Amino acid sequence: LIMKNNIFKIVTGIAGVYHVLLAAIGLLFPIEITSKAFTLALGVNIAATPQLEFIGKFVAVYMLAFGIILLVLAFNPAKYRALTYAGLAVFGIRFINRIFFFSMLSTTFGMTTSRNLIGSALIFLFFIGMLLTMPKKQS
């Protein structure tokens, strides 16, 4: 039970830090730096345009909220167990979305197939990691 709890904390902690860091870059830095950071993190080639800056800042707010939810879960999974469902929903939908748009990521955004497979696998692993190690209801 302790090992399961620690795995849950590690999974949510890593995912939380990743999302908070990317969100901070998106919110605090100019679009040119944000675009380069997203290219490094996600393996996609996105042109730094004013439209991307607007959408990027908008998306960064949601990434920040999701990252905070994951970090809250990492610090006290039993107390905030209900937030696990939000995390599972986001990772589950992201995985389905990733599969659905798999070919578009390579043809439109220049993501390599191997990078796409690794990204898809990581999203799935975070989903499964949270699902299988989710804290039990307290009585």
Side-chain angles (χ1 to χ4, degrees):
L1 184 63
I2 292 172
M3 178 107 152
K4 192 174 165 183
N5 194 43
N6 286 339
I7 291 170
F8 184 86
K9 287 180 174 186
I10 290 168
V11 167
T12 54
I14 289 170
V17 167
Y18 171 82
H19 283 87
V20 167
L21 286 176
L22 271 183
I25 291 168
L27 289 169
L28 301 174
F29 291 97
I31 191 58
E32 295 77 21
I33 293 173
T34 301
S35 178
K36 288 177 184 173
F38 276 35
T39 298
L40 284 172
L42 304 173
V44 295
N45 297 316
I46 301 175
T49 65
Q51 292 88 352
L52 178 63
E53 186 165 22
F54 174 74
I55 294 297
K57 302 247 183 256
F58 185 75
V59 170
V61 171
Y62 288 96
M63 287 183 74
L64 181 62
F66 184 55
I68 291 169
I69 286 170
L70 292 170
L71 290 174
V72 166
L73 276 168
F75 286 109
N76 198 337
K79 183 175 181 182
Y80 299 106
R81 181 182 186 276
L83 292 176
T84 304
Y85 297 109
L88 288 170
V90 171
F91 280 127
I93 292 166
R94 280 184 61 199
F95 181 71
I96 292 167
N97 197 33
R98 189 74 175 252
I99 298 305
F100 191 71
F101 292 105
F102 194 89
S103 64
M104 178 191 277
L105 286 169
S106 59
T107 57
T108 305
F109 297 105
M111 182 183 285
T112 64
T113 301
S114 61
R115 186 75 182 255
N116 203 352
L117 287 170
I118 291 168
S120 300
L122 284 172
I123 293 167
F124 183 73
L125 288 174
F126 280 114
F127 176 83
I128 289 297
M130 284 181 69
L131 182 66
L132 296 179
T133 61
M134 183 175 174
K136 301 287 183 213
K137 287 183 183 175
Q138 292 181 335
S139 42

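Predicted model, so just to flag it, every value in this text is computed and none were measured. The residues of the chain are indexed from 1 along the displayed sequence. Excluded from the calculations below are hydrogen atoms, water molecules and symmetry mates; all remaining heavy atoms, backbone and side chain alike, are included.
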Does the side chain to side chain contact (heavy atoms under 4.5 Å, CB included) test come out yes or no for I14 and F126, once each step is laid out? CA-CA 9 Å; I14 289 170; F126 280 114; 4.0 Å; yes

Provide the closest heavy-atom pair for [X] versus [Y] in the form atom of the first, atom of the second, distance.
{"X": "I25", "Y": "T34", "result": "O-OG1, 3.3 Å"}
{"X": "R98", "Y": "S120", "result": "CG-OG, 3.0 Å"}
{"X": "L27", "Y": "K57", "result": "O-NZ, 3.5 Å"}
{"X": "L70", "Y": "G16", "result": "CB-CA, 3.6 Å"}
{"X": "P77", "Y": "N5", "result": "CG-OD1, 3.4 Å"}
{"X": "A60", "Y": "A23", "result": "O-CB, 3.2 Å"}

Output the rest of the hydrophobic cluster of F100: all Ile, Leu, Val, Met, Phe, Trp and Tyr residues reachable through side-chain heavy-atom contacts under 4.5 Å, sorted by chain and number. Y18, L22, I31, F38, L42, V44, I46, L52, F54, I55, V59, M63, F101, M104, L105, F109, M111

Is the F124 ring parallel, tilted or perpendicular to the F95 ring (thresholds 30°, 60°)? tilted

Check for a donor-acceptor pair, side chain of S106 on one end and backbone N or O of S103 on the other, with a separation under 3.5 Å.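 It does hold such a pair.
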
Straight-line distance of [X] [atom1] to [Y] [atom2], nearest 0.5 Å:
{"X": "I118", "Y": "T112", "atom1": "CD1", "atom2": "OG1", "answer": "7.5 Å"}
{"X": "R81", "Y": "K137", "atom1": "CZ", "atom2": "NZ", "answer": "6.0 Å"}
{"X": "L132", "Y": "F127", "atom1": "CG", "atom2": "CZ", "answer": "9.0 Å"}
{"X": "I69", "Y": "Y80", "atom1": "CD1", "atom2": "OH", "answer": "12.5 Å"}
{"X": "I128", "Y": "I123", "atom1": "CD1", "atom2": "CD1", "answer": "13.0 Å"}
{"X": "L71", "Y": "F66", "atom1": "CG", "atom2": "CZ", "answer": "10.5 Å"}

Applying side chain to side chain contact (heavy atoms under 4.5 Å, CB included) to M3 and I7, what does each step give before you reach the verdict? CA-CA 6 Å; M3 178 107 152; I7 291 170; 4.0 Å; yes

Hydrophobic cluster membership, [X] vs [Y], 4.5 Å side-chain cutoff:
{"X": "L21", "Y": "I10", "answer": "yes"}
{"X": "I93", "Y": "Y85", "answer": "no"}
{"X": "V20", "Y": "V17", "answer": "yes"}
{"X": "I99", "Y": "V90", "answer": "yes"}

Starting from the C-alpha separation in whole Å, work towards a yes-or-no answer on side chain to side chain contact (heavy atoms under 4.5 Å, CB included) for F8 and L73. CA-CA 8 Å; F8 184 86; L73 276 168; 4.1 Å; yes

Taking only residues two or more places apart in sequence, or in another chain, which ones meet L125 in a side chain to side chain contact (heavy atoms under 4.5 Å, CB included)? none

Can you tell me if K36 has over 12 outside heavy atoms packed within less than 6.0 Å of its NZ?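 Check fails, neighbour count at 12 or below.
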
Out of the candidates T107, N97, N116, only one should pair with F102 under the side chain to side chain contact (heavy atoms under 4.5 Å, CB included) rule; please name it.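 For F102, the side chain to side chain contact (heavy atoms under 4.5 Å, CB included) check succeeds only for N116.
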
